[in-house]
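All remarks here apply to the structure that follows.
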Amino acid sequence: MNTKYIFVTGGVVSSLGKGIISSSLACLLKARGFRVTIQKFDPYINIDPGTLNPYEHGECYVTVDGHEADLDLGHYERFTNVRTTRANNITTGRVYQNVIDKERRGDYLGKTVQIIPHITDEIKRNVKLLGKTGDYDFVITEIGGVVGDIESLPFLEAVRQLRWELGSDACCVHLTYVPFLGAAKELKTKPTQHSVKQLQQLGIQPDVLVLRTEHDIPREMRAKIAQFCNVAADAVVQSADAPTIYEVPMRMHRQHLDDIVLRICAVTPEREPDLKAWHTFLEKLQSPKDEVRIALVGKYVELQDAYKSINESLFIAATYNDRRLKLTSVHSEKLNDANAGELLVEMDGVIVAPGFGTRGIDGKFAALKWCREHDVPTFGICLGMQCMVIEFARNVMGLTNAHSREMDSMTPNPVIDLMDEQKSVTALGGTMRLGAYDCLLAEGSLARKAYGGAEKVSERHRHRFEFNSNYREAFEAAGMRCSGENPETRLVEIVEVPGKRWFLGTQFHPEYSSTVVAPSPIFLDFIKAAIDYRESKK
């Protein structure tokens with residue numbers, strides 16, 4: 001069959017969950033045996049979110065091919081278990097950069113370059129690219145922002161053109177908000193009606209409406225919305241608040257969202273979706289045996305989305321270990337040697353978060369020192385692993401002035417140093433070690449055990465600084481084992497302290513590859529160690 005293109009737009013307000021609806025629909029279609037992928041169009045002018053502050057944009061997600069992407073791609077992968085690439089996340093900045101590069105090369109033969117057709121053609125090319133090169137049955141395209149935003153207009157115009165060109169091979173799902181006014185004790189449909197009118201004014205008629213709400217929307221009200229918005233009555237579904245985002249695919253299936261989309265796209269399904277693995281996960285989620293208490297130490301813990309993939313990986317791993325995750329955020333700027341015990345003593349495990357820069361770094365050292373001395377299961381990721389190395393060098397090896405050149409360029413003991421190929425790079429954006437790299441796991445190591453005995457794994461990176469291999473022998477002599485290394489460069493990827501319950505750091509980010517049906521082995525093992533430690537304290 002021809003590749004089908006599904007466009008997901010949003011209205012009324014932002015942060016309604018277009019990414020979750022897109023992911024849920026993809027999950028259902030994939031469970032029916034279709035080949036599915038999702039892409040996100042972001043209307044900001046940055047080339048990618050790699051240089052955006054977490055306060056501005058939350059987590060920066062990294063794809064296997066090394067692209068720094070919007071955090072929604074993390075949801076896409078967790079829900080579908082399909083790996084994304086740079087083709088799955090396009091920004092306005094990248095669209096304009098491509099068009100300007102073509103203009104400079106003379107591709108337009110001296111013509112005046114305009115929004116229409118040149119910018120919209122470039123957007124359309126990127127929409128169709130996945131369908132042409134990825135051999136997919138369905139390409140779901142989420143349009144960032146809200147209908148009415150000036151930044152989104154070129155993307156919506158491209159959608160309008162594609163709807164006309166593709167005919168029954170295209171479908172538009174519009175997500176809107178139905179607010180409940182407490183004073184009037186009423187749900188209000190006018191915002192949704194106005195949102196759809198705005199979309200219609202741009203030449204796009206939605207085929208399906210998904211209504212975000214905190215309260216159940218009566219059937220009669222959904223019928224009213226359908227009538228006012230020119231949408232079939234059975235193509236109006238609601239997405240009420242759920243205890244967990246992982247229930248959303250089931251809720252959408254119960255309202256036949258996948259059936260509706262297949263009907264609109266003139267596709268006859270061969271079978272019902274196979275959701276056994278998903279049901280198993282939800283059953284475990286709903287009946288935990290106990291809780292497991294994990295502290296996340298970082299400098300962005302007050303931000304909901306700054307460590308999104310880590311939070312979800314911990315949640316998934318705890319669920320598979322039949323435990324309810326109780327995650328405590330500990331701000332590293334408010335943690336020190338004097339209060340580390342008070343803040344961490346009730347924890348079953350501690351995870352030290354990644355990041356950049358010096359802010360909050362001393363709090364991470366304090367947390368790691370206390371956890372190491374009190375034998376608490378501890379997991380350091382990227383900068384967390386580097387802090388693990390620095391703390392060990394200072395307090396075990398006696399190198400009191402050990403540091404990373406990122407924090408102190410003049411340190412006499414740079415146990416963390418810049419990679420040789422990065423020493424001449426000064427520009428930001430796309431200059432780091434990014435994407436998936438192989439890692440060999442040492443025989444008999446905790447890392448190899450955590451990965452189920454695998455000799456080699458592949459995980460994603462996002463960093464410029466590395467463990468300084470000149471100190472490797474000294475660290476191993478002092479009791480810190482370098483248990484994972486890149487087979488080509490011999491760069492150290494994993495460190496651990498064998499004498500402890502579970503004290504391990506990874507230079508890579510295993511949270512990026514953890515999904516609902518394929519949870520990260522190392523997160524599973526960390527949570528198991530935390531559970532064992534909890535049981536030992538009883």
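Since the structure is predicted, the reported quantities are computational estimates derived from the model, not experimental observations.
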Is the number of heavy atoms from other residues, nucleotides or ligands within 6.0 Å of CD (Gln286) greater than 12? yes
Could Arg86 and Asp65 be called an ion pair, given the rule that one side-chain N must be under 4.0 Å from one carboxylate O? no
Which pairs with one or both residues in residues 520-531 pass side-chain hydrogen bond (donor to acceptor under 3.5 Å, both in side chains), sequence neighbours excluded? Lys449-Asp525, Trp502-Asp525, Lys528-Asp532
Are Cys439 and Leu441 close enough that some pair of their side-chain heavy atoms sits under 4.5 Å apart? yes
Nearest 0.5 Å, please: how far is NZ in Lys369 from SG in Cys387? 15.0 Å
Pairing of Arg490 and Glu466 as salt bridge, 4.0 angstrom limit: no
Between Glu459 and Thr506, a side-chain donor and acceptor under 3.5 Å: no
Does one side chain, of Tyr61 or Arg460, offer a donor that lies under 3.5 Å from an acceptor on the other? yes
Given the rule in the ring pair (Phe, Tyr, Trp, His ring centres under 6.0 Å) test, do Phe379 and Phe523 qualify, once you have shown the distances and angles that lead to the verdict? CA-CA 9 Å; Phe379 188 6; Phe523 272 92; 5.3 Å; yes
Under 4.5 Å between any side-chain heavy atoms of Cys371 and Leu344, yes or no? yes
Can a side-chain donor-acceptor contact be found between Arg251 and Ser24 if the only test is distance below 3.5 angstrom? no
Compute whether any side-chain donor of one residue and acceptor of the other, for Glu122 and Asn126, lie under 3.5 angstrom apart. yes
Suppose we call two aromatic rings close when their centres sit under 6.0 Å apart. Are Phe34 and Tyr136 close by that rule? no
Let's go through Cys482 and Glu476 carefully: what are the C-alpha distance in whole Å and the side-chain angles of both, what is the deciding distance for side-chain contact (heavy atoms from CB on, under 4.5 Å) to 0.1 Å, and is it a yes or a no? CA-CA 7 Å; Cys482 299; Glu476 298 208 324; 3.3 Å; yes
Asn401 versus Asn413, side-chain donor and acceptor atoms under 3.5 Å: yes
Can you tell whether the side chains of Arg324 and Glu291 come within less than 4.0 Å, N to carboxylate O? yes
We want to know whether Glu496 and Ser483 form a side-chain donor-acceptor pair, criterion being a heavy-atom distance below 3.5 angstrom. yes
Hey, what do you get for CZ (Arg464) to CG (Leu434), rounding to the nearest 0.5 Å? 11.0 Å
Against Gln386, only a single residue in Lys364, His403, Gln507, Glu391 fulfils side chain to side chain donor-acceptor pair (under 3.5 Å); can you say which? Gln507
If we ignore angles and hydrogens, is there a donor and acceptor under 3.5 Å between the side chains of Thr37 and Asn88? yes
Please say whether more than 12 non-hydrogen atoms of neighbouring residues, nucleotides or ligands are located less than 6.0 Å from NZ in Lys537. yes
Distance-only side-chain donor-acceptor flag, Glu77 / Thr84, under 3.5 Å: yes
Do the side-chain N and O atoms of Asn89 and Asp42 include a donor-acceptor pair separated by under 3.5 angstrom? yes
Of all the heavy-atom pairs spanning Leu383 and Phe356, show the shortest one and how long it is. CD2-N, 4.2 Å
Point-to-point distance, once rounded to the nearest 0.5 Å, from CD of Glu511 to OG of Ser313: 6.0 Å
Which of Asn311, Leu314, Val330 passes side-chain contact (heavy atoms from CB on, under 4.5 Å) with Ile351? It is Leu314
Would Glu493 and Arg433 count as a salt bridge (charged side-chain N to carboxylate O under 4.0 Å, His left out) here? Give the steps. CA-CA 12 Å; Glu493 306 276 19; Arg433 187 181 181 204; 2.9 Å; yes
Within 6.0 angstrom of Arg105 CZ, more than 12 heavy atoms from elsewhere: yes
I'd like to check Val301 versus Tyr307 (side-chain heavy atoms, cut-off strictly below 4.5 Å). Are they in contact? yes
Do Glu312 and Ser514 have a side chain donor and acceptor closer than 3.5 Å? no
Got a second to check how far Thr80's OG1 is from Lys30's NZ, nearest 0.5 Å? 6.5 Å
So do Lys308 and His75 actually touch side chain to side chain, heavy atoms under 4.5 Å? yes
Whether Phe281 and Tyr246 hold their rings parallel, tilted or perpendicular, with breakpoints at 30° and 60°: perpendicular
Any ion pair linking Lys500 and Glu373 (charged N to carboxylate O, less than 4.0 Å)? no
Is it the case that over 12 heavy atoms from other parts of the model lie below 6.0 angstrom from the NZ atom of Lys289? no
NZ (Lys132) and CG (Asp135) are apart, to the nearest 0.5 Å, by 14.5 Å
Taking salt bridge (Lys or Arg N to Asp or Glu O under 4.0 Å) as the criterion, tell me which of Lys18, Lys40, Arg94 meets it with Asp70. Lys40
Would you say the ring centroid of Trp278 lies under 6.0 angstrom from that of Phe79? yes
Take atom CD of Glu342 as the centre, draw a 6.0 Å sphere, and report whether it contains more than 12 heavy atoms from other residues, nucleotides or ligands. no
Just wondering, do His461 and His509 contact through their side chains at under 4.5 Å, heavy atoms? no
Start with the C-alpha distance between Arg534 and Asp290, add both sets of side-chain angles, then the distance that settles salt bridge (charged side-chain N to carboxylate O under 4.0 Å, His left out), and finish with yes or no. CA-CA 10 Å; Arg534 179 179 177 82; Asp290 192 5; 3.3 Å; yes
With heavy-atom distances below 4.5 Å as the criterion, would you say the side chains of His67 and Val62 are in contact? no
How long is the gap from CD1 on Ile527 to CD1 on Ile316, to the nearest 0.5 Å? 11.5 Å
